[in-house]
Amino acid sequence: MAFAYFPHTEDDIRQMLDRIGVGSLEELYSDVPQDVIYRDEFDLYDAMSEDEVRQYFDNLASLNQKTVCLCGLGAYDHYAPAVIPHIISRSEFLTAYTPYQPEVSQGTLRYIFEYQSMITELTGMDCTNASMYDGATAAAEAMMMAMAATKKKTRVLLSEGLLPYVVNVVRTYAKFNGVDITMIPCQDGQTSYGALAAELAAGDVAGVLVPGINKYGIIEDFTGFADAVHAQKGLFMVYSDPSSLAVIRTPGEWGADVVCGDSQTLGVPMCFGGPYVGFLACRKDHVRKLPGRIVGATKDVDGKRAYVLTLQAREQHIRREKATSNICSNQSLMALYVTVYMSLMGPKGLREVNELSYGAAHYLHDSLLSTGLFEKAFDKPFLKEFTLKSLIPAEELQQALLEKGFFGAVEVEPGLVNFCATERIAREDVDYVVNLIASLRRGNDEEEQR
């Protein structure tokens with residue numbers, strides 16, 4: 001069993017096998033059931049030239065159906081300046097690995113520090129870590145922070161307004177960490193304060209996780225929430241869209257202790273679901289329960305600015321039983337991506353993104369209502385996505401849109417569909433979609449007359 005690119009000689013292999021008392025490499029797999037071992041030839045393609053390989057994958061890519069996205073629910077089609085891919089493709093960024101040696105990783109640490117600074121400014125928190133895998137796992141880590149920060153409490157409350165996949169991931173983490181989850185219902189499209197207060201009265205709640213903008217697209221009002229949670233010595237946690245925080249009240253202003261979410265809205269392409277970049281920020285009081293890494297700024301022996309790994313509260317660096325999580329970090333290339341995006345857009349650019357999205361979404365909302373095929377589900381403020389009650393079956397709507405190159409009308413609940421419009425949606429596209437949907441009614445009317 002010779003491998004052309006393995007450095008071990010036959011003598012090396014023999015010495016290792018003798019050391020562990022095994023006669024051959026094949027014997028290493030003797031515990032594997034024989035009936036699961038594949039013994040036939042693999043069905044591999046013949047060798048191709050570089051040009052043939054490129055053509056092969058181009059043909060595969062052509063099978064994808066490109067559509068205009070008219071739905072939100074956690075992934076949004078926002079504009080990203082063309083310069084971003086060129087900057088992050090520089091070799092020192094694209095190949096950078098975990099900064100285990102800070103003294104020779106100053107470039108990586110600098111952009112992580114800038115990323116942290118921008119996220120804390122958006123959220124109104126004191127500190128953030130060096131990014132997470134995605135929003136859902138960041139929410140799960142927030143739950144674990146709440147459990148670690150409170151004593152003898154067994155439950156975490158989740159709003160039913162959270163995105164379903166976020167709830168599912170948090171539930172998975174909770175199941176294998178002995179955390180009890182209780183769902184707080186929504187009332188008229190928003191998290192019920194009354195239901196929240198009733199659950200808090202039991203005195204066993206470690207934390208409460210609610211969405212800043214919920215699955216219906218509604219901007220939530222958290223008046224009194226933080227005071228109620230803090231009165232029971234729990235943590236108030238908010239799942240946020242960071243882009244929206246440029247124009248709406250921040251979690252910090254609502255009194256939140258922990259903020260989590262997905263930074264995909266900061267220009268990251270939807271890209272079939274990833275890679276994305278979660279964020280997790282908190283008040284200074286809870287910084288030692290924050291998983292991952294925190295980069296800080298200091299001065300070196302010559303008095304020059306330098307960057308260091310200030311805190312690393314994970315099991316590689318501290319006792320396993322004291323670690324909140326074994327999370328390392330997100331692939332920080334994506335943290336760099338949103339850092340470049342935010343630095344290019346600036347506060348003015350982020351406000352403009354939200355203003356344009358607001359205008360497009362409200363124009364789409366009002367135009368759809370004018371068809372007579374939809375009714376308002378809720379009369380609450382929204383930014384770039386919304387939910388309507390559809391008088392046409394969701395599947396019929398989706399199919400009609402898909403045939404014309406649009407993806408939308410995702411069913412949030414039976415009879416309720418989601419639409420979203422960002423700054424990338426042209427007015428002409430909205431008019432086309434509205435006319436297309438209106439034609440469904442005309443078609444149905446003609447069918448009935450026959």
Side-chain angles (χ1 to χ4, degrees), residues 1-48 50 52-53 56-57 60 63 94-101 129-145 147-148 154 156 164-181 271-278 280 289-293 309 312-334:
M1 187 182 288
F3 298 95
Y5 300 102
F6 282 12
H8 311 101
T9 65
E10 290 293 334
D11 186 54
D12 292 333
I13 295 172
R14 172 49 49 197
Q15 289 184 45
M16 287 188 283
L17 292 174
D18 290 344
R19 180 65 179 269
I20 62 176
V22 176
S24 66
L25 291 175
E26 288 78 5
E27 194 176 332
L28 289 172
Y29 301 94
S30 60
D31 290 336
V32 178
Q34 293 298 303
D35 59 344
V36 303
I37 297 177
Y38 186 76
R39 302 184 183 280
D40 295 330
E41 292 294 324
F42 291 103
D43 184 18
L44 300 176
Y45 289 100
D46 293 333
M48 298 182 189
E50 178 183 343
E52 288 172 324
V53 171
Y56 173 77
F57 283 105
L60 281 182
L63 300 177
L94 195 60
T95 61
Y97 186 56
T98 301
Y100 286 118
Q101 296 176 281
N129 67 2
S131 80
M132 312 290 285
Y133 296 123
D134 56 24
T137 51
E141 296 290 350
M143 173 197 68
M144 297 307 299
M145 281 184 66
M147 297 301 296
T154 58
V156 170
Y165 69 87
V166 173
V167 173
N168 289 340
V169 172
V170 173
R171 280 189 179 279
T172 300
Y173 274 62
K175 177 180 179 180
F176 295 100
N177 284 280
V179 181
D180 294 329
I181 297 294
C271 203
F272 299 98
Y276 290 167
V277 48
L280 185 57
K289 301 300 181 184
L290 193 66
R293 302 183 179 89
L309 288 171
Q312 302 175 78
R314 65 195 187 104
E315 59 188 37
Q316 278 193 347
H317 306 286
I318 63 178
R319 292 180 183 176
R320 180 184 295 270
E321 66 273 13
K322 290 189 176 182
T324 300
S325 169
N326 68 352
I327 191 78
C328 296
S329 64
N330 163 265
Q331 55 278 29
S332 65
L333 182 68
M334 301 312 299

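When reading the values below, keep in mind they use all heavy atoms of this one structure, side chains included, and skip hydrogens, waters and symmetry mates.
- Rounding to the nearest 0.5 Å gives a distance of 15.5 Å between OG of Ser131 and OH of Tyr276.
- Applying the side chain to side chain contact (heavy atoms under 4.5 Å, CB included) criterion to Ile20, with sequence neighbours excluded, gives Val22, Leu28.
- Heavy-atom minimum distance, Ala142 versus Leu280: CB-CD1, 3.9 Å.
- Here CG of Asp46 is found 10.0 Å from CD of Glu52. Values are rounded to the nearest 0.5 Å.
- Legend: residues meeting salt bridge (Lys or Arg N to Asp or Glu O under 4.0 Å) with Asp18, ordered by chain and number and at least two apart, are Arg14.
- Taking both residues in full, the closest heavy atoms of Val166 and Ala139 are given as CG1-CB, 3.7 Å, listed atom of the first, atom of the second, then distance.
- Residues forming a side-chain hydrogen bond (donor to acceptor under 3.5 Å, both in side chains) with Glu27 (at least two apart in sequence, or on another chain): none.
- For Asn168, there are no side chain to side chain contact (heavy atoms under 4.5 Å, CB included) partners, not counting sequence neighbours.
- Glu141 and Pro291 make their closest contact through OE1-CG, 3.9 Å (heavy atoms, listed as atom of the first residue, atom of the second, distance).
- Taking every heavy atom of both residues into account, Ala136 and Val170 meet most closely at O-CG2, 4.5 Å.
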Show me the donor-acceptor pairs within less than 3.5 Å that the side chains of residues 33-45 make with the rest of the protein, sequence neighbours left out.
from: Gln34; atom 1: OE1; to: Arg39; atom 2: NH2; distance (Å): 2.4
from: Tyr38; atom 1: OH; to: Glu41; atom 2: O; distance (Å): 3.2
from: Tyr45; atom 1: OH; to: Tyr56; atom 2: OH; distance (Å): 3.3

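- Looking at residues two or more places apart in sequence or on another chain, you find a side chain to side chain contact (heavy atoms under 4.5 Å, CB included) between Ala138 and Met132, Cys260.
- Asn177 places none of its side-chain heavy atoms less than 4.5 Å from the side chain of Met147.
- The CZ atom of Arg19 lies 10.5 Å from the CD atom of Gln15; values are rounded to the nearest 0.5 Å.
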